[in-house]
Amino acid sequence: MTPILRVQPGQKPCLVVWTAAAAKEIFRKHDATFASRPSMLIFYILTGGRYRNLGFAPYGPFWRRFRRIANTQLFSPAVHASHEPIREREIHSMLRVLLEDSYKGKPINIKSWLTSVTANNMTMMLTNKRIFEIGADNDEKKRDLEDLMRRTFALMKRAKEMDPNDTEMPDDIDVLLNTSLDDGDWLADRDIASLVVGLMNAGTDTSANTVEWGMAELMANPEIRKQAQAELDAVVQDRLVKESDIPNLPFLQAIVKETYRMHPSVPLSQRHESHQPCVISGWEFPALTELILNLYAIHRDPSVYENPDKFDPSRFTRNPKVDPLAGNDFYELIPFGAGRRMCAGHHLGNVTVTSMLANLLQCFE
Ligand code: HEM
């Protein structure tokens with residue numbers, strides 16, 4: 001069976017990749033060629049016709065500059081570390097709500113809890129504000145927030161300019177307002193608003209859905225859950241687990257990898273588009289060919305994984321080097337995509353997923 005499928009749903013050919021070997025061939029040889037995004041109507045509407053958004057921008061100077069700003073100023077290791085107290089506070093405050101509800105015997109809606117944590121992490125990082133509450137209609141709140149951001153962005157900017165003594169920790173909006181492009185131009189308000197809304201969307205449900213799947217698998221596999229809890233007890237003992245414990249929890253890390261493998265939160269990657277013709281496995285593809293990574297199929301490739309439909313974290317304890325954050329080395333596990341357009345928030349997503357899962361395992365039987 002060929003690992004690449006060529007379909008032509010409309011005017012443009014589309015390439016669907018469903019094995020790790022084919023993904024490796026494409027990203028090793030043609031990453032730059034396929035680093036663009038198709039100009040779809042939905043992106044046109046979301047970006048006010050400008051496509052000036054990290055996830056939707058075509059490959060070119062604007063995206064490269066934007067991505068560099070994101071890598072160095074929003075998601076750098078130093079910024080990531082400085083946000084650890086935000087993530088910890090958020091998880092702890094939500095744990096309190098969960099524990100109170102469970103003592104009262106109330107049913108717990110785990111999805112609502114997880115989405116509140118990830119959404120508040122994002123709004124705290126982006127705007128220094130905590131907005132979401134457990135149990136509330138968070139989808140509606142998210143829509144309201146996006147609308148609010150679009151409408152009031154200019155006002156926010158003016159307020160920040162008028163208050164030079166603002167001593168709050170700089171949030172992502174401060175960073176973007178103070179960052180100039182290569183040509184010395186400043187980012188336009190609507191581009192910052194589009195970026196902020198895009199990050200909010202990209203960073204909320206992805207992490208929450210992954211933990212929900214992880215918990216579902218651990219409920220269905222109690223012996224794996226008990227092994228993870230025993231590891232936490234041995235390593236962390238009497239206090240609550242912290243992000244700095246994660247390197248010492250190899251079985252927990254294997255559970256997270258196995259959850260990414262079986263339940264990638266973006267099962268068909270965001271679409272890529274080629275900006276020049278290329279030849280793959282002897283076949284010619286013109287410019288503007290779309291590329292979709294079928295992550296669901298890649299992660300269940302039977303030539304790579306024995307019993308691919310079985311939830312079995314031990315496959316990663318036996319092979320701990322497989323790293324979903326590497327991007328260009330382990331194509332058999334690429335929940336964050338690969339190459340130049342790989343997820344910009346992969347470290348944040350991974351640490352959020354791992355600590356939420358660890359805290360739930362530690363606090364609940
Ligand atoms: C478990 C959590 C997450 C998963 C599984 C995930 C997965 C993905 C995937 C598969 C892509 C598409 C890659 C491609 O085009 O090949 C992507 C893109 C992206 N993600 Fe994530 N993501 C997660 C969390 C986050 C977070 C927390 C943020 C930021 C706050 C984020 C921001 C982005 C952005 C900006 C892009 C577009 C990158 C570009 O086009 O240059 N993601 N993500």
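In each ligand, atom 1 is the first atom listed, and ligand 1 is the first ligand listed. These values consider heavy atoms only, across backbone and side chains, with no hydrogens, waters or symmetry-generated copies. These numbers come from a predicted model, not from an experiment.
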key: Flag for E90-N121: side-chain donor and acceptor within less than 3.5 Å   = no
ask   = What do we get for F56 next to ligand 1 when only non-hydrogen atoms under 4.0 Å count, side chain, backbone, both or neither?
value = neither
Just which atoms of ligand 1 are under 4.0 Å from any heavy atom in [X]?
X    : value
P335 : 5 (C), 7 (C), 10 (C)
M122 : 30 (C)
S265 : 4 (C), 5 (C)
F75  : 29 (C), 30 (C)
W63  : 39 (C), 41 (O)

ask   = Do the side chains of V279 and F285 get nearer than 4.5 Å, heavy atoms only?
value = no
inquiry  = Check for me whether the distance between the ring centres of Y260 and F336 falls short of 6.0 Å.
reply    = yes
Heteroatom distance test ([X], ligand 1): nitrogen or oxygen, under 3.5 angstrom:
X    : answer
H272 : yes
R341 : yes
R340 : no
L54  : yes
T210 : no

message = Donor-acceptor check, side chain of Q253 to backbone of I246, threshold 3.5 angstrom: yes or no?
response = yes
query = Does any N or O in the side chain of N307 come within less than 3.5 Å of the main-chain N or O of K310, such that one atom is a donor and the other an acceptor?
reply = no
query = When you measure from atom 15 (O) of ligand 1 to each heavy atom in R37, M342, H263, R64, which option holds the nearest one?
reply = R37
remark   = Min over G55, A208, A23 of heavy-atom distance to atom 37 (C) of ligand 1 lands on G55
request  = Pick out which of V241, L114, V211 makes a side-chain contact (heavy atoms from CB on, under 4.5 Å) with L357.
outcome  = V211
inquiry  = Once you measure the plane-to-plane angle for Y59 and W63, does it fall in the parallel (<30°), tilted (30-60°) or perpendicular (>60°) bin?
reply    = tilted
query = By side-chain hydrogen bond (donor to acceptor under 3.5 Å, both in side chains), which residues pair with D31, not counting sequence neighbours?
reply = R340
Listed once per pair and sorted, the salt bridge (Lys or Arg N to Asp or Glu O under 4.0 Å) pairs that draw on residues 286-301, sequence neighbours left out = K12-E290, R271-E290, R300-D309
query = In Å, rounded to the nearest 0.5 Å, how long is the span from OG of S116 to CE of M94?
reply = 4.5 Å
query = Which residue pairs pass the side chain to side chain donor-acceptor pair (under 3.5 Å) test with at least one member in residues 233-242, sequence neighbours excluded?
reply = R239-D245
message = Surrounding CD of E284 (heavy atoms of other residues, nucleotides or ligands, distance under 6.0 Å), is the total greater than 12?
response = no
ask   = To which protein heavy atom is atom 38 (C) of ligand 1 closest, and what is the distance rounded to 0.1 Å?
value = R67 NH1, 3.4 Å
message = Taking the basic N atoms (NZ, or NE/NH1/NH2) and the acidic carboxylate oxygens, is any pair closer than 4.0 Å for E258 and R261?
response = yes
ask   = What protein N/O/S atoms lie closer than 2.8 Å to atom 21 (Fe) of ligand 1?
value = C343 SG
